[in-house]
Amino acid sequence: MAASSLNDVPIIAEVDMGGGNDSSAPTLRATIVQASTIFYDTPATLDKAERLLAEAAGYGSQLVVFPEAFVGGYPRGSNFGVTIGSRTPKGKEEFRKYHSSAIDVPGPEVDRLAAMAGKYKVYLVMGVIERDGYTLYCTVLFFDAQGHYLGKHRKLMPTALERIIWGFGDGSTIPVFDTPIGKIGAAICWENKMPLLRTAMYAKGIEIYCAPTADSRDVWQASMTHIAVEGGCFVLSANQFCRRKDYPPPPEYVFSGTEEDLNPESVVCSGGSVIISPSGTVLGGPNYDGEALISADLDLGEIARAKFDFDVVGHYARPEVLSLIVRDHPTDPVTFTSSSPSSSTKTEISQKL
């Protein structure tokens with residue numbers, strides 16, 4: 001292990017050099033970032049992301065994956081003043097501040113992230129809170145090593161109280177990008193438990209399965225191992241490591257039901273970021289010790305070796321018995337048949353006259 005510092009906070013760098021690979025298949029060095037958002041401060045969070053990206057690139061990483069909601073923040077412990085039938089003024093103000101910390105896609109923050117990817121010549125997978133008007137989405141953005149924005153995935157199903165602050169993605173943002181380093185896609189946190197979503201991604205040929213998350217429980221590791229073996233793909237799961245002091249102090253920000261038990265050093269999310277091979281071998285992590293950069297060399301030949309055993313949408317499929325239809329078109333709530341709604345209205349009025 002090697003250690004460096006970031007704003008006087010130790011960042012542990014774990015690097016698995018992938019020894020023993022005698023395959024002629026290409027090898028990819030990948031890094032998952034385990035670090036906290038600077039809550040309510042998106043410019044500072046982007047500065048932190050760039051420092052982490054630069055450090056990962058210094059280890060020779062070609063792909064860097066950040067946690068769920070790294071830009072914009074995961075509002076752990078907050079209930080936004082919601083009870084059934086009412087919302088408090090304080091909770092509404094909390095949402096206003098959270099909305100202000102989110103980013104437009106496309107937008108200036110996306111441009112900056114693209115520039116970072118190009119500057120450090122890495123493929124970048126970044127968890128953000130996306131602002132679309134006054135609705136927020138938990139989103140993953142993808143960038144190539146030339147500094148191009150490739151696209152996004154919106155979380156299909158927010159979990160529990162997340163549904164009061166985040167909208168629902170649709171089938172139009174379940175991409176798998178065919179890149180020179182492999183076919184890359186992502187599913188966020190508990191939507192990884194949705195078998196049909198996973199199957200759709202397997203059908204698109206995913207090879208590097210990114211799983212940004214907010215779940216630091218031990219049982220999460222079992223889910224990640226299962227997906228790697230089921231999909232015959234590498235799984236890269238990045239989570240934040242956060243202490244209470246990484247969020248604003250009370251009364252500005254309150255961890256509902258637990259605030260009185262916390263002190264500034266209390267760990268509120270313990271990470272558990274991990275890299276797993278298609279055979280189910282843990283290549284890096286899980287790390288529960290602090291902020292970290294966890295890297296491993298991925299022998300891409302492992303994918304074919306795993307698929308020889310089990311190809312869930314290939315030779316191990318039974319489409320005459322079990323099949324899946326994916327509705328992958330956008331589901332906009334309002335569609336205008338004319339490019340100018342005002343002209344349509346004028347036509348309607350003239351017809352009535």
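The model shown is predicted, which means the values in this text are computed figures rather than measured ones.
Checking I184, V125, L124 one by one against V65, the side-chain contact (heavy atoms from CB on, under 4.5 Å) holds for a single residue, V125.
Between H148 and F143, the gap from one ring centroid to the other reaches at least 6.0 Å. Here the two rings, on F142 and Y149, have centers that are 6.0 Å apart or farther. Between F39 and Y253, the gap from one ring centroid to the other is short of 6.0 Å.
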Please evaluate residues Y98 and L136 with respect to the criterion side-chain contact (heavy atoms from CB on, under 4.5 Å), reporting the C-alpha separation (whole Å), side-chain torsions for both, the decisive distance (0.1 Å), and the verdict. CA-CA 9 Å; Y98 190 53; L136 303 181; 3.6 Å; yes
Using side-chain hydrogen bond (donor to acceptor under 3.5 Å, both in side chains), reason through T37 and Q240 one step at a time and then give a plain yes or no. CA-CA 8 Å; T37 302; Q240 298 194 31; 3.1 Å; yes
For the pair L28 and D297, evaluate side-chain contact (heavy atoms from CB on, under 4.5 Å) and give the outcome as yes or no after the intermediate values. CA-CA 5 Å; L28 164 70; D297 288 339; over 6 Å; no
Using the rule given for side-chain contact (heavy atoms from CB on, under 4.5 Å), can you reason through E130 versus V110, listing the C-alpha separation, both sets of side-chain angles and the distance that settles it, and then say yes or no? CA-CA 10 Å; E130 177 191 358; V110 177; over 6 Å; no
Start with the C-alpha gap between R244 and E265, add the side-chain angles, then the distance that decides, and say whether salt bridge (Lys or Arg N to Asp or Glu O under 4.0 Å) holds. CA-CA 6 Å; R244 177 61 185 89; E265 295 299 322; over 6 Å; no
I276 vs T281, test: side-chain contact (heavy atoms from CB on, under 4.5 Å). Steps then yes/no. CA-CA 6 Å; I276 302 175; T281 301; over 6 Å; no
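Between H153 and E191, the side chains place a donor N or O and an acceptor N or O closer than 3.5 Å (distance only, hydrogens not considered). One side chain, E50 or Y120, offers a donor N or O that lies under 3.5 Å from an acceptor on the other. Judged purely by distance below 3.5 Å, without hydrogens or angles, the side chains of T45 and T42 never pair a donor atom with an acceptor atom.
Among residues at least two apart or in separate chains, side-chain hydrogen bond (donor to acceptor under 3.5 Å, both in side chains) pairs with a member in residues 322-332 are D170-T331.
Residues F177 and L300 fall within the same hydrophobic cluster, defined by Ile, Leu, Val, Met, Phe, Trp and Tyr side chains chained together at heavy-atom separations under 4.5 Å.
N287 contributes atom CG, which lies 4.5 Å from atom CD1 of I294 (distance to the nearest 0.5 angstrom). Between the OH atom in Y137 and the CD1 atom in I165 there is a gap of 13.5 Å [rounded to 0.5 Å].
Ion pairing between E94 and K97 fails under the 4.0 Å rule for side-chain N and carboxylate O. No salt bridge links K48 with D41; every basic N to acidic carboxylate O contact stays at or beyond 4.0 Å.
For Y209 against I206, the heavy-atom pair with the smallest separation is CA-CD1, 3.6 Å. The shortest heavy-atom contact between S295 and S61 is OG-OG, 3.9 Å.
No more than 12 heavy atoms of other residues, nucleotides or ligands lie within 6.0 Å of NZ in K92, so this atom counts as exposed by the packing criterion. Other residues, nucleotides and ligands contribute at most 12 non-hydrogen atoms within 6.0 Å of the OH atom of Y316.
Relative ring orientation between F95 and F80 is described as perpendicular, the plane-to-plane angle rising above 60° on a 0-90° scale split at 30° and 60°.
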